Amino acid sequence: INAGIVKELAEGVVKNCPNAFVLVISNPVNSTVPIVCEVLKKHNIFDPRKVFGISTLDSVRSSRFVSEVNSAIDPKATRVTVIGGHSGTTIVPILSQIPGQKFTKEQFEELTHRIQYGGDEVVKAKDGAGSATLSMAFAGARFTTAVLEATVAGKRGLVESTYVNLLADEARTADFRAENHLDYFAQDVEFGPEGVHKILPLPELSGYEKLLLEAAIKELKANIIKGTTFVTSD
């Protein structure tokens, strides 16, 4: 259902605002972002710098959850880099790079699982009567504000983790694409007037995070194919 809605919205972008920045928040983001991109490609107006998957909620949850384990970490001042994608095992929070963190192996594993499946926690808490709405709205607003500040107000140096087509920064992602055969990936992105100004290098990963990334890449490939074929098989 969401795939059809997103495809129709992308066709609306083509007809009415082909130069728009498109921020995709409809799940599954790992697949819906490729859907938007494929629709734009069909009409020869695709600019990979202008299409974003909003995965900010994963960073927001990460900041909040780590502060509950270590109260010395300020969730408002701490932005956690989250790489991979925006569902389950594709969500890889880089907790090892949080300044001042001293988590145990068990805490790393528990925090990672909670960040990956935080949405399920909310659904359970609401006893099936709803899902994460306020936190999603906050994440969407934060991301949209950052894009507006960069593209309209001209502010520099604004960074968020976001799921993008890696051709948005072809040179900086060449080695990663060649090694992993991925067209889409969530990573820290610096915004600019053109949308994606640069895709920042992957942070240093712990051994545990490298294993998480391997699992994420495998799942991501299937998600991406599902999204692209939804459009290209028409």
Side-chain angles (χ1 to χ4, degrees), residues 24-25 27-34 52-70 73 75 78-124 132 135-136 139 143 159-166 168-169 172-189 199-227:
V24 184
I25 200 167
N27 283 321
V29 166
N30 294 352
S31 300
T32 53
V33 169
F52 302 89
I54 301 180
S55 55
T56 315
L57 184 53
D58 303 325
S59 295
V60 171
R61 284 180 175 147
S62 298
S63 300
R64 176 65 189 181
F65 295 164
V66 297
S67 72
E68 292 179 3
V69 175
N70 182 351
I73 297 174
T78 304
R79 190 187 65 80
V80 180
T81 295
V82 181
I83 65 174
H86 184 53
S87 67
T89 56
T90 69
I91 299 169
V92 182
I94 310 304
L95 305 179
S96 64
Q97 295 301 310
I98 298 174
Q101 68 81 16
K102 295 179 181 179
F103 300 129
T104 64
K105 178 177 180 291
E106 290 73 23
Q107 287 173 326
F108 271 120
E109 293 175 355
E110 289 171 3
L111 280 167
T112 298
H113 186 271
R114 192 180 182 201
I115 292 162
Q116 289 177 330
Y117 297 99
D120 296 344
E121 187 177 324
V122 176
V123 171
K124 185 177 180 180
S135 56
M136 180 65 81
F143 186 83
V159 175
E160 287 283 358
S161 296
T162 175
Y163 183 74
V164 294
N165 185 295
L166 295 176
D169 193 345
R172 289 188 179 88
T173 62
D175 290 344
F176 181 84
R177 285 184 286 112
E179 180 182 352
N180 297 291
H181 307 290
L182 279 177
D183 294 324
Y184 299 85
F185 194 72
Q187 170 53 355
D188 276 356
V189 168
I199 298 176
L200 303 182
L202 283 177
E204 184 177 344
L205 307 183
S206 67
Y208 175 60
E209 289 161 352
K210 289 178 181 177
L211 292 175
L212 292 173
L213 179 57
E214 287 180 15
I217 288 173
K218 183 178 180 181
E219 180 73 15
L220 268 177
K221 288 178 178 177
N223 295 163
I224 293 166
I225 290 171
K226 194 170 186 179

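The chain is numbered in sequence order, starting from 1. This one's a predicted model, so the numbers in the text were calculated from it and none came from an experiment.
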Evaluate the side-chain contact (heavy atoms from CB on, under 4.5 Å) criterion for residues Ile98 and Val80: first the C-alpha distance (whole Å), next the side-chain angles of each, then the deciding distance (0.1 Å), finally the verdict.
-> CA-CA 7 Å; Ile98 298 174; Val80 180; 3.9 Å; yes

Please test Val82 against Ser62 for side-chain contact (heavy atoms from CB on, under 4.5 Å), starting from the C-alpha separation and ending with a verdict.
-> CA-CA 8 Å; Val82 181; Ser62 298; 3.8 Å; yes

Worked check of side-chain contact (heavy atoms from CB on, under 4.5 Å) between Val24 and Tyr163 = CA-CA 9 Å; Val24 184; Tyr163 183 74; over 6 Å; no

Side-chain atoms of residues 83-92: list all donor-acceptor pairs with protein atoms under 3.5 Å, sequence neighbours left out, distances to 0.1 Å.
{"unit_1": "His86", "atom_1": "ND1", "unit_2": "Asp58", "atom_2": "OD1", "d": "3.4"}
{"unit_1": "His86", "atom_1": "ND1", "unit_2": "Asp58", "atom_2": "OD2", "d": "2.7"}
{"unit_1": "Ser87", "atom_1": "OG", "unit_2": "Asn30", "atom_2": "ND2", "d": "3.2"}
{"unit_1": "Thr90", "atom_1": "OG1", "unit_2": "Asn30", "atom_2": "ND2", "d": "3.2"}
{"unit_1": "Thr90", "atom_1": "OG1", "unit_2": "His86", "atom_2": "N", "d": "3.3"}
{"unit_1": "Thr90", "atom_1": "OG1", "unit_2": "Ser87", "atom_2": "N", "d": "3.1"}
{"unit_1": "Thr90", "atom_1": "OG1", "unit_2": "Ser87", "atom_2": "O", "d": "2.6"}

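One distance of note links OG of Ser67 with CD1 of Ile73; it measures 7.5 Å at 0.5 Å rounding. For the atom pair CE (Met136) and OG1 (Thr56), the distance works out to 9.5 Å, reported to the nearest 0.5 Å. From Leu212, atom CG reaches atom CZ of Phe108 across 11.0 Å, with rounding to the nearest 0.5 Å.
The pair Glu121-Arg61 fails the salt-bridge criterion, with no side-chain N (NZ, NE, NH1 or NH2) lying under 4.0 Å from an Asp/Glu carboxylate O. At a threshold of 4.0 Å, the pair Glu68-Arg64 counts as salt-bridged, since one of the basic side-chain nitrogens sits closer than that to a carboxylate oxygen.
Inter-residue side-chain proximity for Thr81 and Arg79 is flagged as met; some heavy-atom pair is nearer than 4.5 Å. Counting only heavy atoms from C-beta outward, the side chains of Phe176 and Ile199 never approach each other to under 4.5 Å. Between Glu160 and Val189 the shortest side-chain heavy-atom distance does not fall below 4.5 Å.
Ser96 and Glu209 form a side-chain donor-acceptor contact under 3.5 Å, judged by distance and modelled atom types alone.
Here salt bridge (Lys or Arg N to Asp or Glu O under 4.0 Å) pairs that include residues 90-105, with residues two or more places apart or in two chains, are Lys105-Glu109.
For Lys221, the NZ atom sits in a packed shell: over 12 heavy atoms of surrounding residues, nucleotides or ligands are nearer than 6.0 Å.
A ring-centre distance under 6.0 Å is found for Phe52 and Phe143.
Not a single donor-acceptor pair under 3.5 Å links the side chain of Thr162 to the backbone N or O of Ile54.
Residues passing the side chain to side chain contact (heavy atoms under 4.5 Å, CB included) test with Pro201: none are found, sequence neighbours excluded.
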